[in-house]
Amino acid sequence: MKNYLEILEKALDKYTSQPHSPYMNRVFEAMRYSLLDAGKRVRPTLTLMFAEASGGTAEAALPFAVACEMVHTYSLIHDDLPLMDDDDMRRGKDANHIVYGEDIALLAGDGLLTLAFEICLCDDAVKAVGYEKAARAAFILSKYAGVTGMVGGQCIDVMSAGKITKENELYEMVNGKTVALLKAGCIMGVIAAGGSEKQIKAAESYAQGLGMAFQIRDDILDVTGDPTTLGKNVGIDEKNDRFNYVSLYGLGGAQILVEQFTEEAVNALDAFENGTGCLKEYALKLINREK
Ligand code: GRG
């Protein structure tokens, strides 16, 4: 498998290194604190892999991969705030608001969210894929990150605290909170490469399966995981009285679901002619992830 991580780290650094005034230094520092050298980079890695599987290059898809990771990082910063999950550890270090205070953490999240769309439509992106594809990728990112996607999923979570007891409600929440942004990452890769509508649909199906598997594995790790390896606190769902796939099916049943959803993801790859080996390998690797 290519060293996608190295390419991504360099690009994330580059796109947050622009010159800025002394007044803005603090918020840029806070943005970079949560963004750089941290996280598994699952969403942007998928963007690059799908670009290659659709006959394009990882390089051309890089701005969109960066944008997706920025939106993801903003969501983590906001999610850790005392008015949301009130968590003090993220990506192996103090949460953003612990270091920078709640006001700057909020702004760092806002800064990453808006910069993401600037990058989707920046000169590099337009030169690489043209205005039309860049605009379509930005549309996809806003749609899946927004109120009918990730923000909507978070809304279900906030409003239903402790009250979700049915699988269909849980499924809807996970579809928003976790699956939606993974879909954006995968689809943007296909768009950047000029892939077909059939490939866009297949990327969406892959992300559907992978996203469900990813979240259910997350539920398992919230019980069995090691905080040092995970880089975040565990036992959060139990502490917050949250219903999840482990409370519904037990640890063994939940892991079976992880495997079934991963199989669905892998089956969706038939729509691509080449370069799906790494996407298959990646999905299978996540089945037993410990972080
Ligand atoms: C809009 C405020 C707001 C929040 C959005 C995504 C989200 C909702 C909250 C984050 C908390 C959470 C547990 C979300 C589920 C998705 C998930 C498993 C996130 C963690 O993703 P990883 O494991 O994290 O890819 P790293 O740090 O590796 O990037």
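Nothing here was measured: the structure is a model prediction, and the numbers come from that model. Counting starts at 1 for both ligands and their atoms, in listed order.
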Ring pair (Phe, Tyr, Trp, His ring centres under 6.0 Å) test vs Phe50 passes for just one of Tyr4, Phe64, Phe272, namely Phe272
Report, as yes or no, whether the 6.0 Å neighbourhood of atom NZ on Lys40 holds more than 12 heavy atoms from other residues, nucleotides or ligands.
yes
Please state which protein non-hydrogen atom is closest to atom 22 (P) of ligand 1 and give its distance, to 0.1 Å?
Lys40 NZ, 3.4 Å
Side-chain contact test, heavy atoms from C-beta onward, threshold under 4.5 Å: evaluate it for His72 versus Leu76 and give yes or no.
yes
Under-4.0 Å salt bridge between Lys201 and Glu204:
no
Near Lys177 (heavy-atom distance under 4.0 Å), the atoms of ligand 1 are 6 (C), 12 (C), 14 (C), 15 (C)
Do me a favour and list the nearest non-hydrogen protein atom to atom 11 (C) of ligand 1 with residue, atom name and distance?
Asp79 OD2, 3.1 Å
Which atoms of ligand 1 have any heavy atom of Tyr74 under 4.0 Å away?
1 (C)
Under the rule for side chain to side chain donor-acceptor pair (under 3.5 Å), what residues qualify as partners of Ser75, not counting sequence neighbours?
none
Using heavy-atom distances only, which candidate in Leu181, Asp222, Thr178 approaches atom 15 (C) of ligand 1 most closely?
Thr178
Closer than 4.0 Å to some heavy atom of Gln215 - which atoms of ligand 1 meet that?
15 (C), 16 (C), 18 (C)
Does Phe261 have its ring centroid less than 6.0 Å away from the ring centroid of Phe214?
no
Regarding Lys93 and the six-membered ring of Tyr33, is the cationic atom NZ or CZ under 6.0 Å from the ring centre and inside 45° of its axis?
yes
Ligand 1 to Arg41 polar contact by distance, N or O atoms, under 3.5 Å:
no
Would you mind finding which of Ser75, Pro44, Ala38 brings a heavy atom closest to atom 7 (C) of ligand 1?
Ser75
Extract all donor-acceptor atom pairs below 3.5 Å that involve side chains of residues 107-124 and protein atoms in other chains or at least two apart in sequence.
from, atom 1, to, atom 2, distance (Å)
Thr114, OG1, Asp110, O, 2.8
Thr114, OG1, Gly111, O, 3.2
Asp124, OD2, Lys14, NZ, 2.9
Asp124, OD2, Tyr15, OH, 2.5

Using a 4.0 Å heavy-atom cut-off, say whether Arg91 meets ligand 1 through its side chain, its backbone, both or neither.
side chain
Pull out every atom of ligand 1 sitting under 4.0 Å from any heavy atom of Asp218, numbered as shown with elements.
18 (C)
Taking NZ, NE, NH1 and NH2 as the nitrogens, is one of them in Glu69 or Arg41 under 4.0 Å from a carboxylate oxygen of the other?
yes
With heavy-atom distances below 4.0 Å as the criterion, list the atoms of ligand 1 near Gly39.
26 (P), 27 (O), 28 (O), 29 (O)
Min heavy-atom dist Arg43 to ligand 1 below 4.0 Å:
yes
May I ask which of Met84, Gln154, His72, His78 has a heavy atom nearer to atom 4 (C) of ligand 1 than the others do?
Gln154
